[in-house]
Novice: 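Let me give you the structure first, and then I'll get to my questions.
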Amino acid sequence: LGPVPEIQTIAERRLQNLTAAGRTELLPALAAARQSLSGAPVSRRHVIVLTDGKVPRRGDEYIQEVGRLRSAGISVSTVGLGADADVPFLQMLSSSGKGAFYHTLDPRRLPEIFMHDIKVTTGEKTMKEREEYPVAIGISGLQSTTVERFPPVRGFVETLPKRGANLELITEAEGTVHPILASWSFGGGKVIAFTSDANGRWSLNWLTWAGFAKFWGEVVELVEKGPQTKSEDLDFDLRYSINRNALRLDLTVFDPKLGSGSTPKTTASIIAPGGERKQLVLGSEKKGRFVAALDNARAGDYQLEFTYGTVKFPPVMLTLPASAFGEVAGRGLDLDNLSQIARLSGGRVNPSPTELATFSRQSEQVEYLYPPLMSLALLTLLIGVFIRQGGILSLLALQFARLIPQRNIPVRAAVRGTVRGGRTR
């Protein structure tokens, strides 16, 4: 435990000696942090736990250790890195430690997360906002613009002037002077820092100000001039493509001397994702056009610096999305796309069995029963009518049959004839 400038080299060396052992045991680290911080002569004691794996739990020993940290006045925040981080456990740990929980799949976000957590836990507030902050000219005078009067701003980011910087515009808040516009030289160029904004949240009065366009035009033009080097005499165009996991670079240099002179050697210095540095020599396909391929490229940010003979071009930043590579054996999961799908659908990447139970969904299907019920009702009506009609006819026939023998109606007949020879005709 000590100031960062004093122990940075030792810390880096110790971190490089870490090896994976197949499990994540945080208890010894938490205990060591508690012992170191308990006697530290500081007003704020805070621990940030970073892990990318599962933590074996045996009872409530972690809760007890966090309780001991809290008793010593030490708060605990947690950061889960990657898809395999034990998110529920880390959330529980940070909640018990009165800290914050963060989860990221990109290790490049760790510095931002750490700084944000430190500012939140220490109560640091760098954004100043109120109705109006008057803007005045600083002790260095105006060097980046010819405008002399400025409207007030509604907010700014609290900073301190850099050593050797020109304090051009200032404001006052709570009895303290704060920079609004500062500038300083770097190499052959110039750096300008403006601590308010230009989109209207804090600079609404500036958007309707008559000098808005002139001010920003002069500031941007001053920065664009940049260093006076040989690269200003040459323009270049860079195009790139992905071909079978190789980053193909196609550089065109617009050099008027190429028609009569020899082709200068052209190289590229590349900083790949993760900080790995690589050097490439570009081959000349024809006058002014140079190509090269970086094998085994992967998704992420690349910084390229091209040197054309003695001319060094400004650096170029490229971002290669994971979708450009697809799913390739040996390159792991496409976590960028999976994370986006999970976020848009309200899910989670690689959830635990416990979390899966919370994602159960109920679905409803509406079926209208009006047509079949109407058909059934009509059929029932017809059957009823048929039965009723058949029953009435049967009853009438039965009653008629009963009336015939009861009435005993006599039958009379008249016979006429002549008897001759014992025969009747």
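By convention here, the first residue in the shown sequence is residue 1.
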Novice: Mark yes or no for whether Thr104, through its side chain, and Leu81, through its backbone, hold a donor-acceptor pair below 3.5 Å.
Specialist: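 Judged by distance alone, no pair lies under 3.5 Å.
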Novice: Could you tell me whether the side chain of Arg45 and the main chain of Ala40 form a donor-acceptor pair under 3.5 Å?
Specialist: yes
Novice: Parallel, tilted or perpendicular for Phe156 and Tyr133, by the 30°/60° rule?
Specialist: perpendicular
Novice: Can you list everything that forms a ring-ring contact (aromatic ring centres under 6.0 Å, His included) with Trp209? Sequence neighbours excluded, please.
Specialist: Phe150, Trp206
Novice: Between Thr266 and Val253, is there a side-chain heavy-atom distance shorter than 4.5 Å?
Specialist: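 No. Closest side-chain heavy atoms not under 4.5 Å.
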Novice: Ignoring hydrogens and geometry, is there a side-chain-to-backbone donor-acceptor pair from His178 to Pro161 under 3.5 Å?
Specialist: no
Novice: Less than 4.5 Å apart, side chain to side chain, heavy atoms only: is that true for Lys214 and Thr146?
Specialist: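 Yes; the side chains approach each other to less than 4.5 Å.
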Novice: Sequence neighbours left out, what passes side chain to side chain contact (heavy atoms under 4.5 Å, CB included) with Ile10? Give chain and number order.
Specialist: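 Side chain to side chain contact (heavy atoms under 4.5 Å, CB included) check on Ile10 returns Arg13, Arg14.
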Novice: If you define the side chain from C-beta out and look only at heavy atoms, does anything of Asn205 sit under 4.5 Å from Glu132?
Specialist: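 When only atoms from C-beta onward are counted, Glu132 and Asn205 do touch, with a gap below 4.5 Å.
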Novice: Taking the side chain from Ser94 and the backbone from Ser77, do they hold a donor-acceptor pair closer than 3.5 Å?
Specialist: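 No; judged by distance alone, with no hydrogens or angles, the pair does not exist.
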Novice: Looking at every heavy atom in both Gln303 and Pro315, which two are closest together, and how far apart are they?
Specialist: NE2-CB, 4.1 Å
Novice: What residue among Ile180, Val177, Thr176 forms side-chain contact (heavy atoms from CB on, under 4.5 Å) with Thr171?
Specialist: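 The single option meeting the side-chain contact (heavy atoms from CB on, under 4.5 Å) with Thr171 is Ile180.
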Novice: Go through the structure and list residues passing salt bridge (Lys or Arg N to Asp or Glu O under 4.0 Å) with Glu218, not counting sequence neighbours.
Specialist: none
Novice: Going by the angle between their ring planes, with limits at 30° and 60°, are Phe215 and Phe194 parallel, tilted or perpendicular?
Specialist: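 Judged by the thresholds at 30° and 60°, the geometry between Phe215 and Phe194 is tilted.
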Novice: For Asp106, check side-chain hydrogen bond (donor to acceptor under 3.5 Å, both in side chains) against everything at least two apart and list the hits.
Specialist: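 Asp106: side-chain hydrogen bond (donor to acceptor under 3.5 Å, both in side chains) contacts with Arg108.
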Novice: Just distance, no hydrogens or angles: give the donor-acceptor pairs under 3.5 Å from side chains in residues 268-282, sequence neighbours left out.
Specialist:
unit_1: Ser269; atom_1: OG; unit_2: Gln279; atom_2: NE2; d: 3.2

Novice: Sorted by first residue and then second, give each ring-ring contact (aromatic ring centres under 6.0 Å, His included) pair with at least one member in residues 266-297; sequence neighbours left out.
Specialist: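 The answer is Phe290-Tyr308.
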Novice: More than 12 non-hydrogen atoms from neighbouring residues, nucleotides or ligands closer than 6.0 Å to NZ on Lys265, yes or no?
Specialist: no
Novice: Any sub-3.5 Å donor-acceptor pair from Asp197's side-chain atoms to Trp202's backbone N or O?
Specialist: yes
